[in-house]
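Written below as structure tokens is the structure these notes are about.
What's counted below: heavy atoms across the whole structure, side chains too, no hydrogens, waters or symmetry copies.
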Amino acid sequence: MQVDTLLHIANFSTLFVCMVLKFPQIFVLMRAKSTTGVSLNSLLLELIGFIVFVTYQMYYDYPPPTYLEYPILIAQDVILLLLILHYNGSLRQSLIYAVVFVGGWRLLTLEKWIIDLAMSLCTFISAASKFAQLQCLWRSKDGRQVSALSWALATYTCMARIYTTTVTTGDVQVLVRFIAMTLLNLWVLLTVLYYQRRGSSSKKKD
């Protein structure tokens with residue numbers, strides 16, 4: 001009974017958090033009208049990882065509560081992508097990205113081996129997205145346009161998914177992915193906080 005209660009809490013809290021997870025980042029970008037420190041490559045890789053992951057879960061008929069947040073996250077990432085392209089002056093590229101993502105999604109379900117292979121690479125794709133964001137922060141040394149709250153929420157959802165995966169499907173590939181994503185999200189969060197604090201200290205000195 002206690003396990004069921006904790007599972008429901010983890011599932012619904014994750015879903016609720018994911019409904020607003022990207023909103024802080026969206027609002028920061030809209031206010032700043034600048035994408036300094038925000039990696040486009042990181043966002044694109046994250047979108048690919050999300051699409052592969054949710055397609056894998058649906059393909060094998062996993063319980064919907066274990067992946068229901070991913071369509072919501074994909075929608076929020078699309079909004080972020082459009083904002084980044086807009087502020088970078090390259091909004092016309094959005095049509096190309098749409099064709100590539102829809103075509104790729106259709107390709108994933110053509111054969112079982114394709115979705116299995118994609119899922120085996122999913123952790124590396126998602127990890128690459130975090131490293132792309134870290135590189136962007138290291139290069140710009142500016143975390144003001146990156147929302148620490150969004151990264152903190154992302155860290156929580158991955159931690160919750162470690163628990164839900166353990167007590168439901170027990171899928172090792174999925175579990176490894178969430179453990180890796182928890183650690184990498186935390187790394188990005190700490191890096192963002194470091195540069196934001198350093199930026200605040202520099203302003204005070206000036």
Side-chain angles (χ1 to χ4, degrees), residues 17-54 69-105 122-158 177 180-206:
V17 168
C18 285
M19 288 175 69
V20 297
L21 193 151
K22 300 287 185 174
F23 282 15
Q25 183 62 74
I26 290 170
F27 294 148
V28 167
L29 278 181
M30 291 177 69
R31 185 170 61 248
K33 292 181 171 53
S34 169
T35 61
T36 303
V38 180
S39 171
L40 174 60
N41 290 335
S42 173
L43 183 62
L44 293 173
L45 288 168
E46 184 177 76
L47 262 172
I48 293 170
F50 285 168
I51 291 170
V52 169
F53 187 78
V54 74
E69 71 270 17
Y70 279 86
I72 299 171
L73 288 173
I74 290 170
Q76 292 177 58
D77 267 357
V78 169
I79 294 172
L80 266 178
L81 176 60
L82 292 173
L83 283 173
I84 291 173
L85 292 175
H86 171 66
Y87 292 129
N88 287 346
S90 51
L91 191 57
R92 291 180 180 178
Q93 293 180 12
S94 60
L95 183 59
I96 299 173
Y97 289 125
V99 172
V100 171
F101 281 124
V102 172
W105 174 67
C122 187
T123 299
F124 296 103
I125 294 169
S126 297
S129 77
K130 313 304 177 187
F131 281 115
Q133 180 57 60
L134 284 166
Q135 285 183 328
C136 189
L137 285 166
W138 293 334
R139 188 166 54 249
S140 68
K141 293 179 170 50
D142 186 352
R144 288 173 298 175
Q145 277 69 253
V146 183
S147 171
L149 179 56
S150 283
W151 285 100
L153 293 174
T155 304
Y156 166 77
T157 59
C158 286
R177 179 183 183 276
M181 292 308 99
T182 298
L183 295 174
L184 290 171
N185 282 335
L186 185 59
W187 190 0
V188 175
L189 171 62
L190 294 175
T191 304
V192 171
L193 291 173
Y194 169 75
Y195 283 122
Q196 287 182 349
R197 186 171 299 176
R198 198 172 78 164
S200 298
S201 300
S202 298
K203 278 188 176 180
K204 287 179 181 178
K205 288 179 181 178
D206 292 341

Compare every heavy atom of [Y] with every heavy atom of [X], then report the nearest pair and how far apart it is.
X      : Y      : result
Ala148 : Leu193 : CB-CD2, 3.7 Å
Ile51  : Val54  : O-CG1, 3.5 Å
Leu149 : Pro24  : CD2-CG, 3.6 Å
Gln196 : Arg144 : CG-N, 4.3 Å

Q: Kindly state each residue pair satisfying salt bridge (charged side-chain N to carboxylate O under 4.0 Å, His left out) with at least one member in residues 80-104, sequence neighbours excluded.
A: none

Q: For residues 74-85, pull every pair meeting salt bridge (charged side-chain N to carboxylate O under 4.0 Å, His left out), keeping only residues two or more places apart or in separate chains.
A: Lys22-Asp77

Q.
Whether the side chain of Ser126 engages the backbone of Thr123 through a donor-acceptor N/O pair (distance < 3.5 Å, no angle test) should be reported.
A. no

Between [atom1] of [X] and [atom2] of [Y], what distance do you get to the nearest 0.5 Å?
X      : Y      : atom1 : atom2 : result
Ser140 : Gln135 : OG    : CD    : 11.5 Å
Ile125 : Leu47  : CD1   : CG    : 12.0 Å
Leu21  : Met19  : CG    : CE    : 12.0 Å
Leu73  : Leu80  : CG    : CG    : 10.5 Å

Q) For Phe101 and Leu44, what are the C-alpha separation, side-chain angles and deciding distance, and is it a side chain to side chain contact (heavy atoms under 4.5 Å, CB included)? A) CA-CA 10 Å; Phe101 281 124; Leu44 293 173; 4.0 Å; yes

[X] vs [Y] side-chain heavy atoms within contact, under 4.5 Å:
X      : Y      : value
Leu137 : Tyr195 : yes
Val146 : Gln133 : yes
Thr191 : Trp138 : yes
Tyr97  : Leu85  : yes
Ser129 : Leu43  : no

Review item, side-chain donor-acceptor pairs of residues 25-40, under 3.5 Å, at least two apart:
unit_1: Gln25; atom_1: OE1; unit_2: Ser147; atom_2: N; d: 2.8
unit_1: Gln25; atom_1: NE2; unit_2: Gln145; atom_2: O; d: 2.7
unit_1: Lys33; atom_1: NZ; unit_2: Met30; atom_2: O; d: 3.3
unit_1: Ser34; atom_1: OG; unit_2: Thr36; atom_2: N; d: 3.3
unit_1: Ser34; atom_1: OG; unit_2: Thr36; atom_2: OG1; d: 3.1
unit_1: Thr35; atom_1: OG1; unit_2: Asn88; atom_2: OD1; d: 2.9
unit_1: Ser39; atom_1: OG; unit_2: Asn41; atom_2: N; d: 3.4
unit_1: Ser39; atom_1: OG; unit_2: Ser42; atom_2: N; d: 3.0

(Q) Taking side-chain contact (heavy atoms from CB on, under 4.5 Å) as the definition, give me every residue that meets it alongside Phe124, ordered by chain and number, with sequence neighbours left out. (A) none

Q | Results of ring pair (Phe, Tyr, Trp, His ring centres under 6.0 Å) for Phe50 - residues two or more places apart only | A | Tyr70

For residues 180-188, please give each side-chain donor-acceptor pair under 3.5 Å, one per line with the distance, not counting sequence neighbours.
unit_1: Thr182; atom_1: OG1; unit_2: Phe178; atom_2: O; d: 2.8
unit_1: Asn185; atom_1: OD1; unit_2: Lys130; atom_2: NZ; d: 3.1
unit_1: Asn185; atom_1: ND2; unit_2: Met181; atom_2: O; d: 3.1

